[in-house]
Number of protein chains: 2
Amino acid sequence: MHTVVMPPPEMEAVKHADPYQLQSIDRVVALLDMLSESDIPLSLAEICARMGLHKSTAHRSLIVLERTSMIERTPEGKFRLGLKLYELGNRAVEQMDLRDRVQPFFRRLAMEVGETVHLSVLQRTKVVYLDKVEPNRRVCMTSKSGTSNPVYCTSMGKAMLAFLPEELREEIISKIKFTRLTSKTLCTREALMKSLERVKKRGFAIDDEEIEVGVRCVGAPIFDENHFPIAAVSVSGPASRITVQSVPGIAEKLIRCCNEISRTLGIHDKRRSRYSSPLFHHYGN
Amino acid sequence: MHTVVMPPPEMEAVKHADPYQLQSIDRVVALLDMLSESDIPLSLAEICARMGLHKSTAHRSLIVLERTSMIERTPEGKFRLGLKLYELGNRAVEQMDLRDRVQPFFRRLAMEVGETVHLSVLQRTKVVYLDKVEPNRRVCMTSKSGTSNPVYCTSMGKAMLAFLPEELREEIISKIKFTRLTSKTLCTREALMKSLERVKKRGFAIDDEEIEVGVRCVGAPIFDENHFPIAAVSVSGPASRITVQSVPGIAEKLIRCCNEISRTLGIHDKRRSRYSSPLFHHYGN
DNA sequence: ACTGCCGTACCGCATTGTGGTACGGCAGTC
DNA sequence: GACTGCCGTACCACAATGCGGTACGGCAGT
């Protein structure tokens with residue numbers, strides 16, 4: 001390829017590992033990822049610098065993305081993600097209809113425990129919220145679905161991580177950038193691993209004010225037919241109500257709920273490991 | 001190009017209108033759109049049929065999209081939109097931070113009128129919901145943000161349409177596929193145009209049970225620095241509470257709110273029409 | 001006025017992506 | 001149980017496509 005400055009040797013080693021190039025598509029995804037990670041709109045020059053692309057090449061891709069509303073331009077001409085992504089993203093969730101299939105169990109759990117209940121899935125090193133139910137009585141917490149939190153400081157994140165196949169778990173953990181959010185946040189690989197061990201034994205995870213002071217959560221995974229943790233449910237509330245004493249009772253109800261959900265999902269067949277190379281998609285320079 | 005079976009003549013007419021080809025990217029977007037419109041996951045063969053693509057070509061693109069989590073495969077091997085889109089989409093909205101900047105005004109309005117308040121933007125022929133606030137007292141309506149409704153039967157859609165530049169409005173309206181949702185739905189271009197005239201005069205739009213029986217909404221646009229309606233706000237509630245008598249009062253509060261928001265947004269500069277060719281991106285067979 | 005930077009436009013070359021074809025597996029039919 | 005047809009995957013040779021370079025024009029700062 002003439003896009004990338006390529007060290008002449010060991011070329012064919014890569015060749016077979018990644019048989020389908022379609023470089024423009026890969027690049028587009030990398031561009032979107034990049035824009036997603038940036039908190040501010042970026043100029044063409046900045047994008048080129050970050051991605052190591054030539055002006056013309058990046059420009060061409062960006063123009064097409066703009067035409068298709070995948071990205072938009074600020075009045076100053078800088079680029080940022082476009083709203084079509086929002087629309088597509090929400091369609092994606094609708095189509096999976098995890099949300100809808102889970103709702104009934106979900107609502108019942110919220111009633112039983114009287115706390116906010118969340119549904120989320122794993123996306124790279126983040127937990128993306130799909131849905132939440134608040135107990136009827138009063139508003140307890142606010143959190144918008146569609147937002148995401150790091151895996152390592154959420155009960156749902158830890159619940160899913162713990163039950164992931166070894167290799168995949170390693171891959172994810174290696175990508176985590178730990179940041180201290182509260183004094184109780186697990187900020188090292190070791191602390192996280194130790195926590196995951198306990199999660200695996202108990203079947204549920206706890207977030208003990210690790211992401212926000214005063215908030216405790218209990219989370220458990222939902223499994224698909226291959227015992228793959230495709231999603232997680234959590235119960236969260238003020239530390240004053242979710243106490244050492246009340247956790248076991250909550251966890252029991254939570255796990256029962258998750259098992260019911262898992263069972264209703266587990267009606268599929270075998271076929272392919274689907275999670276073959278799901279994570280971080282690396283853009284070669 | 002050798003992708004598309006091309007009627008030999010009038011080729012160069014298109015050539016200049018659409019200078020940047022990058023066909024693989026265009027195709028990818030078209031694929032995503034297609035998957036978005038389908039309610040069920042599609043097989044490779046189905047995708048080829050709908051898009052008029054050759055097996056190999058479609059397959060290659062799909063594989064890349066799968067690798068990058070833009071789409072996923074069901075256990076049966078069918079394709080559907082992937083969760084990365086959800087993540088990207090939500091980042092897009094965060095980055096625009098319309099939502100956050102609007103929130104305070106927004107909440108106040110909800111308190112004042114005691115009804116559900118929505119924020120949305122225009123995306124092609126649809127209104128995409130970005131946010132909502134429910135009045136504290138009780139749950140009134142349910143609607144998830146991220147969902148979308150057709151422009152022509154929502155107050156927000158009509159509010160934005162009415163204040164769009166002539167040409168763009170025409171472009172959008174020409175793309176609408178009218179479907180009757182209730183007995184009051186505006187189902188013709190003419191009815192819609194007439195309605196828009198009134199919206200323009202009054203400064204706000206009404207959805208009088210046009211999308212759902214028993215629900216009335218009042219909507220008004222938010223303008224950017226160029227008097228371009230970038231978003232809209234609506235007040236919606238049961239027809240029993242939003243009556244002919246109460247509409248003027250609600251509309252007044254709504255418009256005041258929207259004006260305040262518009263003013264806080266109108267701090268930008270001139271530069272480019274940004275909406276040069278924003279809509280329907282057509283995939284040439 | 002001069003200089004430098006940024007976004008845009010164009011062009012010729014060869015790499016990349018294309019369409020066709022072939023393979024293998026699964027499912028339904030006789 | 002063999003046959004048939006369909007679907008997803010893999011490979012290949014050709015040439016059209018997308019690449020990098022380069023040049024232009026506008027704006028801003030000196």
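What you see below is based on every heavy atom in this structure, not just the backbone, and it leaves out hydrogens, waters and symmetry mates. Worth saying up front: this structure is predicted, and the values here are computed from it rather than measured. In what follows, chains carry the letters A, B, and so on, assigned in the order in which the sequence lines appear, proteins first and then strands, with residues in each chain numbered from 1.
- Taking side-chain N and O atoms only, His59(B) has a distance below 4.0 Å to OP1 or OP2 of dT9(D).
- At the phosphate of dC19(D), OP1 or OP2 sits under 4.0 Å from a side-chain N or O atom of Gln23(A).
- For the pair Phe79(A) and Ile25(A), both in contact range of DNA chain C, the more 5′-proximal nearest nucleotide belongs to Phe79(A).
- One interatomic measurement links the two molecules: CG of Leu65(A) to P of dG7(C), which rounds to 16 Å at whole-angstrom precision.
- Across all strands shown, dA16(D) forms a Watson-Crick or G-U wobble pair with dT15(C), both key distances being under 3.5 Å.
- Rounded to whole Å, atom P of dT8(C) lies 14 Å from atom CZ of Arg67(A).
- Taking each heavy atom of Ser24(A) and Leu22(B) in turn, the nearest pair found is CB-CD1, 4.1 Å.
- Between the CG atom of Leu44(B) and the P atom of dG8(D) there is a distance of 5 Å, given to the nearest Å.
- Closest approach to the Ala45(B) side chain among dG8(D), dT8(C), dG17(C) is made by dG8(D) (side chain taken as heavy atoms from C-beta onward).
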| message | The test is side chain to side chain contact (heavy atoms under 4.5 Å, CB included); show your working for Ile47(A) and Leu53(A) and say whether it passes. | response | CA-CA 8 Å; Ile47(A) 291 172; Leu53(A) 289 174; 5.5 Å; no

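- Rounded to whole Å, atom P of dT8(C) lies 13 Å from atom NZ of Lys78(A).
- Atom CD of Glu76(B) is separated from atom C1' of dC6(D) by 17 Å (rounded to the nearest Å).
- Residues Thr264(A) and Arg101(A) approach most closely at O-NH2, 3.8 Å, considering heavy atoms.
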| field | Evaluation steps, side chain to side chain contact (heavy atoms under 4.5 Å, CB included), between Lys78(B) and Leu42(B) | value | CA-CA 5 Å; Lys78(B) 307 206 172 196; Leu42(B) 298 175; 5.8 Å; no

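- Atom CZ of Arg73(A) and atom P of dC6(C) are 14 Å apart (whole Å).
- A pairwise comparison of heavy atoms in Val121(A) and Ile230(A) identifies CG1-O, 3.4 Å as the closest pair.
- For dG26(D), the paired base is dC5(C) (Watson-Crick or G-U wobble, both distances below 3.5 Å).
- Taking atom CG of residue Leu62(A) and atom C1' of nucleotide dG18(D), one finds them 15 Å apart after rounding to whole Å.
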| request: Apply side chain to side chain contact (heavy atoms under 4.5 Å, CB included) to Phe223(B) and Asn259(B), showing your working. | output: CA-CA 8 Å; Phe223(B) 297 103; Asn259(B) 285 345; 5.6 Å; no

Could you list the protein-to-nucleotides 21-26 of chain D atom pairs, N/O on both sides, closer than 3.5 Å?
residue: dG21(D); atom: OP2; partner: His54(A); partner atom: ND1; Å: 2.6
residue: dG21(D); atom: OP2; partner: His54(A); partner atom: NE2; Å: 3.4
residue: dG21(D); atom: N7; partner: Ser56(A); partner atom: OG; Å: 3.2
residue: dG21(D); atom: O6; partner: Ser56(A); partner atom: OG; Å: 3.0

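- Mapping Ser24(B) and Leu42(A) onto DNA chain C by nearest heavy atom places Leu42(A) closer to the 5' end of the strand.
- Computed from coordinates, the Ile71(A) CD1 to dG7(C) C1' distance equals 14 Å when rounded to whole Å.
- Residues Arg91(A) and Asp39(B) are paired through a salt bridge, judged by an N-O separation under 4.0 Å between the basic side chain and the carboxylate.
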